Amino acid sequence: MFALVDVNSFYASCETIFRPDLKGRPVIVLSNNDGCVVACNTEAKECGVKMGGPYFKQKELFRRAGVVAFSSNYELYADMSDRVMRTLEEMSPYCEIYSIDEAFCDISGVQNCRNLEEFGREIRATLLQRTHLTVGVGIAQTKTLAKLANLAAKKWPHKTRGVVDLSDIENQRKLMAALHVNETWGVGRRIAKRLEEMGIKTVLQLADADIRFIRKHFSVVLERTVRELRGEPCLGVEEFAPTKQEILCSRSFGERLTEYEHMRQAICTYAARAAEKLRKEHQYCRHISVFVKTSPFTVYEPYYGNQAMVKLLTPTQDTRDIIAAATRCLNTIWRNGHHYQKAGVMLGDFFSQGVAQLNLFDENPPRINSEALMQTLDKINKKKGKGTLYFAGQGIQQPWQMKRAMLSPRYTTRWSDLLVMKASNSDWGSPA
DNA sequence: TCTGGGGTCCTAGGACCC
DNA sequence: TCTGGGGTCCTAGGACCC
């Protein structure tokens, strides 16, 4: 039995819990660079805010409706997420942290000693008390059905009060008949459209579809989804995160970039960041690739996007090697005269610590004390704050930095940003 | 003027091997 | 003139997720 717990409008809620003055007002959170709307609270949804839509296209609507906008404050969201997950891990034997705002809990066995819906309500109440965040809980025999149950909890908040136990088969079929096939977890826009053309419109029709037919026209992924909808578990809770296959660091620039020197700085910065993530995973990489692109939306000049990769003979985790390789990649794809919008550095082909073999034919001799140097670098940056020690190639001014014009304080992770309560006389009541 | 970032898995097709 | 069968590995691209 699985429970899917996820926080309602997570980013927007993180912003409002520290701002009681925003109660009842529409609130949205923007993506990096203040580009798109990535989260909105119920009030904002009611105003007709388009999720995923570009910010600048909706500015007029926001002004009229009094929408309060925030830049993404990942430091705050990550810390709030930790608090939620720690509580969940305390309350349930096995938890898989599926994303920043949701987790699957394996609650097999719980139904032997208590009512599942009650258990869901207890999770909800505990999280509300500890974090002031409201969650939805969906309970069922498979992950896909738990997702569906959670969706129902979101869709009918008053009727369900945020918790749905969907373990009863009759209830499953009733709900699936009422939902469109694109509301299934794992069915996106494309597959939904193809299914519809085949006459499969509701989730129930998908659950009842012939498994060989699905396998023939789609992939094993959709086959698993269908089986899961029928109550046959194909996916388990993965308590320990599997090791990553690749690491990507990419950003859009605050302003279009035309100078090679600026691009080189950006690439150095992304390479250094990717190398840091790599070491955090205790991995060494052999593939380093870089991509650059202009905006796909610009009509007055031709699009340019390109990518290059180098394969090292010996796996590395040293920022100096990764910066050097990334710069070589950049040099092969850089073209003068474009207005670049975005770039990124990707690492792949990982080896775990210890298996890295020295290569007899490698031109570069192994670096002396590379591990110790990198450890020291990471330690200092962890203790004194990100970016305390950095590489000269990253540049100092960084004119290409992303825009974050509406950033809120990092209430929970910086002393200087701590919330300050100011009491006025009236708050204390008038003296008798 | 202004359109996110970071992942996973699967499949098809080409290169190459014997 | 007639040009096989079976396999692996790699990569690019497409789909999905949050």
Side-chain angles (χ1 to χ4, degrees), chain A residues 4-7 9-11 28-39 50-60 62 69-74 77-78 81 96-104 143-144 147 150-151 181-195 215-225 234-235 238 241-256 270 273-274 277-278 281 286-287 289 291 293-300 303 305-309 311 339 341-350 402-406:
Chain A
L4 173 64
V5 181
D6 86 331
V7 184
S9 351
F10 180 55
Y11 293 175
I28 60 161
V29 177
L30 302 171
S31 65
N32 273 340
N33 231 9
D34 296 341
C36 297
V37 177
V38 289
K50 246 176 79 193
M51 270 280 267
Y55 175 53
F56 75 94
K57 281 193 178 172
Q58 304 185 68
K59 256 186 182 164
E60 181 47 31
F62 295 161
F70 289 97
S71 302
S72 287
N73 184 346
Y74 286 106
Y77 312 150
S81 174
E96 172 186 343
I97 299 172
Y98 180 67
S99 76
I100 194 162
D101 76 329
E102 63 189 295
F104 284 104
K143 279 181 159 182
T144 307
K147 267 274 186 190
N150 184 283
L151 181 76
V181 71
N182 68 9
E183 297 188 274
T184 315
W185 186 45
V187 176
R189 226 180 43 242
R190 307 280 165 84
I191 290 179
K193 192 171 163 236
R194 283 175 59 199
L195 284 170
R215 185 69 185 89
K216 190 170 162 232
H217 294 279
F218 300 89
S219 70
V220 293
V221 184
L222 193 64
E223 176 182 340
R224 275 201 287 264
T225 299
C234 301
L235 307 165
E238 287 170 33
T243 50
K244 284 197 195 323
Q245 310 281 311
E246 60 183 29
I247 286 171
L248 172 75
C249 182
S250 74
R251 290 281 180 286
S252 302
F253 306 121
E255 279 166 24
R256 299 283 179 268
Y270 304 160
R273 178 80 192 99
K277 288 191 204 174
L278 182 69
E281 294 278 316
R286 224 166 48 172
H287 289 183
S289 60
F291 72 84
K293 52 190 271 190
T294 62
S295 168
F297 301 102
T298 307
V299 285
Y300 54 84
Y303 174 78
N306 209 344
Q307 194 215 330
M309 179 172 79
K311 293 180 197 184
H339 293 81
Q341 175 244 359
K342 186 177 182 178
V345 172
M346 207 185 304
L347 308 180
D349 196 17
F350 294 164
M402 64 180 178
K403 271 188 294 205
R404 290 160 105 192
M406 295 154 283

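Reminder, nothing fancy here: chain letters follow the sequence lines and each chain counts from 1. Here the structure is a predicted model, which is why all the values come from computation and not from measurement.
At the heavy-atom level, A:Lys193 lies nowhere under 4.0 Å from the strands shown. Among the heavy atoms of the strands, none lies under 4.0 Å from A:Lys50. A:Asn32 comes within contact range of the sugar-phosphate backbone alone, with a heavy-atom separation under 4.0 Å but no base atom that close. Within 4.0 Å (heavy atoms only), A:Ile100 reaches no atom of the nucleic acid at all. At the heavy-atom level, A:Gln341 lies under 4.0 Å from the strands shown only through sugar-phosphate atoms. Among the atoms of the strands shown, only primed sugar atoms or phosphate atoms (P, OP1, OP2) are found under 4.0 Å from some heavy atom of A:Arg224. A:Arg215 comes within 4.0 angstrom of sugar-phosphate atoms only, judged by non-hydrogen atoms across all strands, and of no base. At a threshold of 4.0 angstrom between heavy atoms, the contacts of A:Lys57 include nucleobase atoms, whether or not backbone atoms are also involved. Within the 4.0 angstrom heavy-atom criterion, only backbone atoms of the sugar-phosphate kind lie near A:Asp101; the bases stay farther away. Contacts of A:Tyr98 with the nucleic acid, taken as non-hydrogen atoms under 4.0 Å apart, involve only primed sugar atoms and P, OP1 or OP2. Backbone-only contact: A:Arg256 has heavy atoms under 4.0 Å from sugar-phosphate atoms and none from a base.
Scanning for salt bridge (charged side-chain N to carboxylate O under 4.0 Å, His left out) contacts around A:Arg224 gives an empty result, with sequence neighbours left out.
Extent of DNA chain C lying under 4.0 Å from chain A heavy atoms, first and last nucleotide in 5' to 3' order, is C:dT11 to C:dC18.
Between A:Ser71 and A:Asp34, the side chains place a donor N or O and an acceptor N or O closer than 3.5 Å (distance only, hydrogens not considered).
Counting only heavy atoms from C-beta outward, the side chains of A:Gln341 and A:Pro296 approach each other to under 4.5 Å.
Relative orientation of the A:Tyr98 and A:Phe104 rings is perpendicular, given thresholds of 30° and 60° on the angle between their planes.
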**OP:** Would you sort out whether A:Tyr77 and A:Val29 count as a side-chain contact (heavy atoms from CB on, under 4.5 Å), showing the intermediate values?
**Re:** CA-CA 11 Å; A:Tyr77 312 150; A:Val29 177; 3.3 Å; yes
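Spacing of C1' atoms, B:dC16 relative to C:dG4, comes out at 16 Å, to the nearest Å.
Here the two rings, on A:Tyr11 and A:Phe70, have centers that are 6.0 Å apart or farther.
A 3.5 Å limit on both hydrogen-bonding distances identifies C:dG5 as the Watson-Crick or G-U partner of B:dC18.
Of the two residues near DNA chain B, A:Phe218 and A:Thr298, the one whose nearest nucleotide lies more 5' is A:Thr298. Toward the 5′ end of DNA chain B lies the nearest nucleotide of A:Val38, the other residue of the pair A:Ile247 and A:Val38 mapping further downstream.
Here the closest non-hydrogen pair linking A:Cys249 and A:Arg273 is SG-CG, 3.6 Å.
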